[in-house]
Chemist: 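One structure follows; several queries about it will come next.
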Amino acid sequence: MKPLLLALETATDVCGVALFAGDALCFEAILQRGRVHAEQLAPLIADALERCALQAADLDAVAVSMGPGSYTGLRVGVSTAKGLAEATGARLIGVPTLEALAASVTPYALPGDVVVPLLNSRRTEVYTAAYWIAPDAALMPLAEPIALEATSVPDWLPRPDDGGRLWLVGEGTARVAVHLSEPSASFRLLDPAQHNLRAFWVGRLGLARYRAGRFEDVASFEPFYLKDFVAKPHRHTPAASLSS
């Protein structure tokens, strides 16, 4: 029987939901507006279930983008995923946000290429990591997630072997691109407007983890913030609720 998996992406301004029946995508919706996650995530989930003629109790798994990213967005997404898993008995699956962003390049990249996802962090910083494309198109970690000043990324970037290409993807490419001194032909910089975070890729990676039995403990699972939270004045943003 094909697993029914709900995927959530809330790590940045993107608020996304995708619903899979096995490898088949049944539904996907994306809102790219800041600070709407708490208000819009639950309605998006309800819409996905209704359009696919399903109930929350039918879900086999909930995959959530676990960070790094926006503290508020991650809290909303993870809290919602944990609540659904606890209420329905669905398996909880955490998907690293940078890995999901890197996965969006796999339809274009070739074995031997290196993918560097970039997300904006504080002011002049970015969150980044590096992945090597294996012969079977799997993403193999080359560098663990890290927060860097955008100015230091060019010196940090790994270089592919044997003529492989280096792909930079995500909203953070704009911060980094101005500091690249090498010819643009040395890199493949993907337009953030066309290549952004999607729940689709959270779902695809979540399905692989589901089949491998890589599940999270609902009670102890927390977002991967990477950096300590620095409080600043903002309105209260509660977790999304399906009961509202």
Side-chain angles (χ1 to χ4, degrees), residues 1-11 14 16-28 41 44-45 48-49 52-69 73-107 109 111 115 117 119 127 129-146 197-226 239-240 242:
M1 186 175 179
K2 296 178 180 179
L4 294 172
L5 181 143
L6 178 72
L8 310 178
E9 176 54 80
T10 62
V14 173
V17 170
L19 185 58
F20 287 81
D23 292 316
L25 177 65
C26 300
F27 176 95
E28 184 179 19
L41 183 58
L44 286 178
I45 294 171
L49 293 169
C52 297
L54 295 170
Q55 302 292 325
D58 297 323
L59 295 173
D60 295 300
V62 181
V64 61
S65 182
M66 62 184 285
L74 290 172
R75 285 199 303 272
V76 171
V78 168
S79 295
T80 302
K82 290 175 67 169
L84 278 168
E86 186 172 12
T88 66
R91 296 287 196 172
L92 178 64
I93 300 170
V95 174
T97 303
L98 291 170
E99 186 177 347
L101 181 55
S104 70
V105 184
T106 55
V115 181
L119 292 175
Y127 295 124
Y131 299 87
W132 178 71
I133 306 294
D136 63 354
L139 291 171
M140 307 300 293
L142 268 183
E144 293 298 317
I146 190 173
L197 287 167
R198 287 177 57 192
F200 173 84
W201 292 108
V202 175
R204 287 291 297 270
L205 295 179
L207 282 166
R209 284 165 166 76
Y210 180 88
R211 289 164 177 152
R214 296 173 60 184
F215 307 125
E216 307 291 346
D217 176 71
V218 176
S220 62
F221 181 66
E222 295 292 337
F224 173 52
Y225 292 119
L226 188 58
L242 287 175

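The figures here come from the full heavy-atom set of this structure, side chains too, leaving out hydrogens, waters and symmetry mates. The first residue of the sequence shown is numbered 1, and numbering continues consecutively from there.
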Chemist: What's the spacing between Lys2 NZ and Leu207 CG if we round to 0.5 Å?
Modeler: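 Lys2 atom NZ to Leu207 atom CG measures 11.5 Å (nearest 0.5 Å).
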
Chemist: Quick one: does any side-chain atom of Glu144 pair with a main-chain N or O of Ile146 as donor and acceptor, under 3.5 Å?
Modeler: no

Chemist: Mind running side chain to side chain contact (heavy atoms under 4.5 Å, CB included) on Trp201 and Val95 for me, showing each step along the way?
Modeler: CA-CA 9 Å; Trp201 292 108; Val95 174; over 6 Å; no

Chemist: Measure from the side-chain N and O atoms of Thr10 to the backbone N and O of Gly73, and report whether any donor-acceptor pair falls under 3.5 Å.
Modeler: yes

Chemist: Would you give the length of the straight line joining atom CE of Met66 to atom CD1 of Ile93, rounded to the nearest 0.5 angstrom?
Modeler: 12.0 Å

Chemist: Nearest 0.5 angstrom please: Arg75 CZ to Tyr225 OH, how far?
Modeler: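 Reported to 0.5 Å precision, the distance equals 5.5 Å.
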
Chemist: Would you please test Leu8 and Val202 for side chain to side chain contact (heavy atoms under 4.5 Å, CB included) and show each step?
Modeler: CA-CA 7 Å; Leu8 310 178; Val202 175; over 6 Å; no

Chemist: With side-chain contact (heavy atoms from CB on, under 4.5 Å) as the test, pick out the partner of Leu6 among Asp60, Asp58, Leu59.
Modeler: Leu59

Chemist: Look at atom CZ of Arg91 and say whether more than 12 heavy atoms of other residues, nucleotides or ligands are closer to it than 6.0 Å.
Modeler: no

Chemist: State, yes or no, whether a side-chain contact exists between Leu41 and Val17 at a heavy-atom distance under 4.5 Å.
Modeler: yes

Chemist: Measure across Ala11 and Ser65 and return the closest heavy-atom pair with its distance rounded to 0.1 Å.
Modeler: CB-OG, 3.8 Å

Chemist: Does Phe221 reach the side chain of Val64, with side-chain heavy atoms less than 4.5 Å apart?
Modeler: yes

Chemist: Please identify each residue that fulfils salt bridge (charged side-chain N to carboxylate O under 4.0 Å, His left out) with Arg209, with sequence neighbours left out.
Modeler: Glu99

Chemist: With rounding to the nearest 0.5 angstrom, report the OG to CZ distance, Ser104 to Phe200.
Modeler: 10.5 Å

Chemist: Determine whether Ile45 and Thr80 satisfy the following criterion, side chain to side chain contact (heavy atoms under 4.5 Å, CB included), listing intermediate values before the conclusion.
Modeler: CA-CA 10 Å; Ile45 294 171; Thr80 302; 3.7 Å; yes

Chemist: What are the two closest non-hydrogen atoms of Ala56 and Thr88, and how far apart are they?
Modeler: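 Looking at all heavy atoms of both residues, the closest pair is O-CG2, 3.5 Å.
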
Chemist: Are any non-hydrogen side-chain atoms of Lys82 and Leu92 less than 4.5 angstrom apart?
Modeler: yes

Chemist: Does any non-hydrogen side-chain atom of Leu19 lie less than 4.5 Å from one of Leu5?
Modeler: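 Contact flag for Leu5/Leu19 side chains = no.
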
Chemist: So Phe224 and Thr97, side chain to side chain contact (heavy atoms under 4.5 Å, CB included) or not? Walk me through it.
Modeler: CA-CA 9 Å; Phe224 173 52; Thr97 303; over 6 Å; no

Chemist: Find the distance between OH (Tyr127) and CG (Leu98) and round it off to the nearest 0.5 Å.
Modeler: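 Going from the OH atom of Tyr127 to the CG atom of Leu98 covers 9.5 Å.
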
Chemist: Once rounded to the nearest 0.5 Å, what's the spacing between atom CZ of Phe27 and atom CZ of Phe20?
Modeler: 12.0 Å

